[in-house]
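In what follows, a structure is listed as structure tokens, so that the remarks can point back to it.
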Amino acid sequence: MTIKANVSLLALNTLALPGRAEFFCRVASDDELAAALAHARTKKLRVTVLGGGSNVVLAGDISGLVIQMATRGIEQRQQGGASNTVHWTVAAGENWHQFVQHSLAEKSYGLENLSLIPGLVGAAPIQNIGAYGLEVSERFVSLRALEISTGKTLSFSNGDCQFGYRESIFKQGAAGQFVVTSVTMALSQQPNVDISYPALAAAFEHTAGRMPSPQQVGDAVCRIRQQKLPDPAVQPNAGSFFKNPVLEKDRWQQLQAQYPQLPGYPQADGSVKLPAAWLIDRAGWKGAQGQGCGVHREHALVLVNSAACSGRQLLQLAEDIIVDIKQRFGILLVMEPQVFGATK
Ligand code: EPU
């Protein structure tokens, strides 16, 4: 492991925003990670962990040590008895989508709806990735993590992680305190596909009630994502830029009376989640251009870096959208990606 000074992070974030790490290292094993953390403690450097850089807004340079996870390793363990359950323990540095594909090829099912989500396995529980009717928390068993301040290894159960919609303890009370080293998930050898999400149901309309295989569901998810979401290699972006707001039922009913076409997804607790994309689209932002950045033409929830913008310019566009949506609909949008680096 080599620690370098003054390293550009432009190629390491999918929004292709400029910004430099004061110090930077790439760790290929948990021992290297432990050594990097020990170095940071000795030198009193603040630690920032970078996964795939696909859910990050680089607002400027990052002081301290930036650690990029590059650990590898996938293990499966059949659970005892007549159970169809297989536990998969996956190193934090493994690519999420490649792991999903691998699990399907090994006839372990349950993650097909989360196909093609960018980023690394270690980041998946941090923001509780979710798509097409499934959140990773529904398959999550436990994770192992190193505590940055002590180097101690800790284990977190599903309950410990306090998962919510795009939320976990690692974005709240424990933010910046741990580095996830591996994640264990429970998958099934028995296919049990869920195609109830509208876009997915539409993709299988013609199959006359025949249930698709998990691989077919995974393939359909990939096609839908490729149609709707821009490829970061072509148009730099970080996926959904805002969380979908969740409203109390009364508030939702008032809004729906005003905007009868507003879609809403009832939640278990009676609240209603609504698509931020619809609000942003309706407010006329789809395809709008800011300074060097804009709102994607095909999906209003995705901001794209169209002409080498800075993090500040992108955050300004986000702020303009937030203010406008608040004025029009009385709803406060919350950004989804994490902001790293100094806003000068
Ligand atoms: N819509 C518009 N205009 C648009 C796009 C969408 O009005 O330009 C409306 C439509 O009514 C559509 C609805 O928004 O039916 C929902 O759109 P979509 O199915 O694309 O889902 P989303 O709510 O915008 C969420 C996740 C995505 C995930 C999809 C599919 C969040 C913040 N985003 O988006 O996650 O892939 O559902 O499940 O929850 C990500 O986190 O980066 C991400 C892409």
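Whatever order the structure lists ligands and atoms in, that order sets their numbers, starting from 1.
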K243 versus ligand 1: do any nitrogen or oxygen atoms come within less than 3.5 Å of each other? no
Taking distance alone, with no angle check, do A300 and ligand 1 share an N/O pair under 3.5 Å? yes
Starting from [atom], which protein heavy atom do you reach first, and at what distance in Å?
atom                    : value
atom 17 (O) of ligand 1 : H299 NE2, 4.0 Å
atom 42 (O) of ligand 1 : S240 N, 2.8 Å
atom 28 (C) of ligand 1 : A131 CB, 3.9 Å
atom 18 (P) of ligand 1 : Y197 OH, 3.6 Å
atom 1 (N) of ligand 1  : A277 CB, 3.7 Å
atom 38 (O) of ligand 1 : Y132 N, 2.6 Å
atom 3 (N) of ligand 1  : D281 OD2, 2.7 Å
atom 25 (C) of ligand 1 : N244 ND2, 4.0 Å

List every atom of ligand 1 that sits less than 4.0 Å from any heavy atom of [X], numbering the atoms from 1 in the order shown and giving each element.
X    : answer
Y165 : 31 (C), 32 (C), 39 (O)
F242 : 32 (C)
L301 : 24 (O), 32 (C)
K228 : 18 (P), 19 (O), 20 (O)
G239 : 42 (O)
R225 : 36 (O), 44 (C)
P275 : 13 (C), 14 (O), 16 (C)
P263 : 11 (O)

Do [X] and [Y] meet the criterion of a side-chain donor-acceptor pair at a distance under 3.5 Å?
X    : Y    : result
D231 : Q235 : no
S306 : Q289 : yes
S29  : T71  : no
Q254 : D250 : no
Q127 : Q338 : no
W88  : T184 : no
E147 : T150 : yes

Under a 4.0 Å threshold between the charged nitrogen and the carboxylate oxygen, would R328 count as salt-bridged to D324?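 Salt bridge: yes.
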For residues G133 and E138, report the shortest heavy-atom separation together with the two atoms involved.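 That closest heavy-atom pairing would be O-OE2, 4.2 Å.
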Does R166 form a side-chain hydrogen bond (donor to acceptor under 3.5 Å, both in side chains) with N128? I'd like the steps, not just the answer. CA-CA 5 Å; R166 292 293 194 277; N128 188 16; over 6 Å; no
Can you find a protein heavy atom closer to atom 12 (C) of ligand 1 than 4.0 Å?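 Given the 4.0 Å limit, the answer for atom 12 (C) of ligand 1 is no, no protein heavy atom qualifies.
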Can a protein heavy atom be found under 4.0 Å away from atom 6 (C) of ligand 1? yes
Y265 and ligand 1 - part of the residue with a heavy-atom distance under 4.0 Å: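 Side chain only.
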So for R282 against ligand 1, with non-hydrogen atoms under 4.0 Å, the contacting part is neither
Yes or no: does H296 have any heavy atom under 4.0 Å from an atom of ligand 1?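 Judged by the 4.0 Å heavy-atom criterion, H296 does not count as contacting ligand 1.
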For R166, is the nearest heavy atom under 4.0 Å from an atom of ligand 1? yes
Does the cation-pi check pass for K273 over Y165, that is, NZ or CZ under 6.0 Å from the six-membered ring centre and within 45° of its axis?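 The answer is yes; both the distance and angle limits are met.
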To the nearest 0.5 Å, what is the distance between OG (S182) and CE (M185)? 9.0 Å
Determine, using the 4.5 Å side-chain heavy-atom cutoff (strictly less than), whether L134 and I126 are members of one ILVMFWY cluster.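 Yes, because L134 and I126 connect within a single hydrophobic cluster, where side-chain heavy atoms sit under 4.5 Å apart.
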Where does the angle between the aromatic ring planes of F99 and W96 fall among parallel (under 30°), tilted (30 to 60°) and perpendicular (over 60°)?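 Ring orientation, 0 to 90° scale: perpendicular.
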